[in-house]
Protein chains: 2
Amino acid sequence: MEHRTVSLAEQVFERLENEILSGKFPRGTVLTEMNLVTELGVSRTPIREAIHRLEQEHVIETTTKGILILGVTKKDLRDIFEIRLRIEGLASAEAAKRITDEELAELRESLELQEFYVPKNDPEHVRGMDSLFHRLIYRFSGNTALCDALLPLHKKVMKYRLASVSNHSRASSSAKEHRMIYEAIAAHDPAAAEARTVEHIKNAMEHILKETNE
Amino acid sequence: MEHRTVSLAEQVFERLENEILSGKFPRGTVLTEMNLVTELGVSRTPIREAIHRLEQEHVIETTTKGILILGVTKKDLRDIFEIRLRIEGLASAEAAKRITDEELAELRESLELQEFYVPKNDPEHVRGMDSLFHRLIYRFSGNTALCDALLPLHKKVMKYRLASVSNHSRASSSAKEHRMIYEAIAAHDPAAAEARTVEHIKNAMEHILKETNE
DNA sequence: CTTTTCAGAATTGTATACAATTATACCAGA
DNA sequence: TCTGGTATAATTGTATACAATTCTGAAAAG
């Protein structure tokens, strides 16, 4: 068997997670391991590993009839923002304290790419850079537990965030808010970084919850 | 093969998680799947499943040489409390809003058992009931994402919490603080439940960080 | 004595065969 | 027609065999 730097199990996990959180399978859909074996062309072993990881994230449930797709409901969304409002500012504040110049450059690059894509009306890429910006801050906070808590929450908003940044006016405001956060972090100002992040999450929440009908 | 209501994989996961978070394997220890096969007497399959779940929680890391034990450092502990301070009050507030009489009875029972064990100087049982109390509140918050975020954080403090409640004076204060929280939830008073919970976490943090030398 | 190379030993990743339970559908009887 | 039971199919849980890489140590060359 050839060498793969990333295992089949990891690939299957990322693909399934992405498909489920993008809304490809409606809530209530039931898949089976054999479905996935034939569809993905790998054996049950890596599929089972991916399934178990998704189950731990409460994105699916395994039943006697197969794999039940849970996805993310609007209630989940409200619950998630309630939490992010309380801890995402902490990540920015910590990042502002400890970020290095190299990390800052990486953060700036993701921001500039986002600003590049906004006027192009390219929601997919805007969302990609938007996500990257947040994830980099999680990582640069230097708080592993915070990263572990925020990352799943952030991923679960993916589908709704695409709809949000498809609105050009919101995409534009979001990029501006990111720049404000970036400036505070670059200035190593934890209080400003935190306040601006909380404000940003609040705006994102209002926009997403308003636009979401489900 | 006989029927088991709980799978081998689940049993292995709970056992390994408990052993690692109790400090049985010092940070840096390297295990292998075959070690665990011979020690636990099951095949690699359920062991691998448990390993992957532990890896997702960042309690271990898999390397080319085997399974590297990470455990929970004092830095992790500070990071964890920083987060709990910000969201554990939310769980209590939500629970105060929506808890049912049956759930309230369950919560009261765990509290009364804790109060029963404190004067007996039985740290293991005190910790068990202490943990149960917190977990019940997470569940009764009705916020799945919050539950998913808090449960791993709470589990990771396990080892340090045992040392803490082994101090009789702290065990006694902790039980009193729990009762205050319980009364606020029973009175369906979210603001009081939240404030008392934050105070409780703050006290627990101070005590645990002071007692911990690592 | 040191360094490099190569063989084998150890380890994880993957596939598959088997076990056991559970769901389903069909048939018989009331 | 409805109800109950039984056999078969479908599903997940577990064990094991195999593949591929990586580590280790010893031997040979300098």
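Just so it is clear: chains get the letters A, B, ... in the order the sequence lines come, proteins before strands, and each one is counted from 1.
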Rounded to the nearest Å, what distance is computed from the [atom1] atom of residue [X] to the [atom2] atom of nucleotide [N]?
X: B:Glu55; N: C:dG13; atom1: CD; atom2: P; answer: 8 Å
X: B:Glu49; N: D:dA15; atom1: CD; atom2: P; answer: 12 Å
X: B:Leu8; N: D:dT16; atom1: CG; atom2: P; answer: 12 Å
X: A:Leu36; N: D:dT12; atom1: CG; atom2: P; answer: 9 Å
X: B:Ile47; N: D:dT16; atom1: CD1; atom2: P; answer: 12 Å
X: A:Ile67; N: D:dT12; atom1: CD1; atom2: C1'; answer: 9 Å
X: B:Glu33; N: D:dT16; atom1: CD; atom2: C1'; answer: 13 Å
X: B:Ile51; N: C:dG13; atom1: CD1; atom2: C1'; answer: 14 Å

- Message: Can you confirm whether A:Lys75 is buried at NZ, in the sense that more than 12 heavy atoms of other residues, nucleotides or ligands lie under 6.0 Å from that atom?
- Response: yes
- Interatomic spacing from CG in B:Asp148 to NZ in A:Lys156 - rounded to 0.5 Å: 5.5 Å
- Message: Can you tell me how the ring of A:His134 sits relative to the ring of A:His178, calling it parallel under 30°, perpendicular over 60° and tilted otherwise?
- Response: perpendicular
Which nucleotide sits closest to the side chain of [X]: [options]?
X: B:Val42; options: D:dA15, D:dT14, C:dG13; answer: D:dA15
X: B:Lys65; options: C:dT11, D:dT24, D:dG13; answer: D:dT24
X: B:Arg44; options: C:dA15, D:dC18, D:dT12; answer: D:dC18

- Item | Contact under 4.0 Å: A:Thr64 side-chain N or O vs C:dA23 OP1/OP2 | yes
- Could you tell me whether the phosphate oxygens of C:dG13, OP1 or OP2, come under 4.0 Å of any side-chain nitrogen or oxygen in B:Arg48? yes
- Per nearest nucleotide of DNA chain C, the residue lying toward the 5' end, A:Ser43 or B:Thr32, is B:Thr32
- How is A:Thr45 classified with respect to the nucleic acid when contacts are heavy atoms under 4.0 Å: base, sugar-phosphate, or nothing? base
- Task: Provide the full list of ring pair (Phe, Tyr, Trp, His ring centres under 6.0 Å) pairs with a residue in residues 50-100 of chain B, sequence neighbours left out, each pair given once.
- Result: none
- Message: Going by ring pair (Phe, Tyr, Trp, His ring centres under 6.0 Å), name the residues that satisfy it together with A:Tyr182, two or more places apart in sequence or in a different chain.
- Response: none
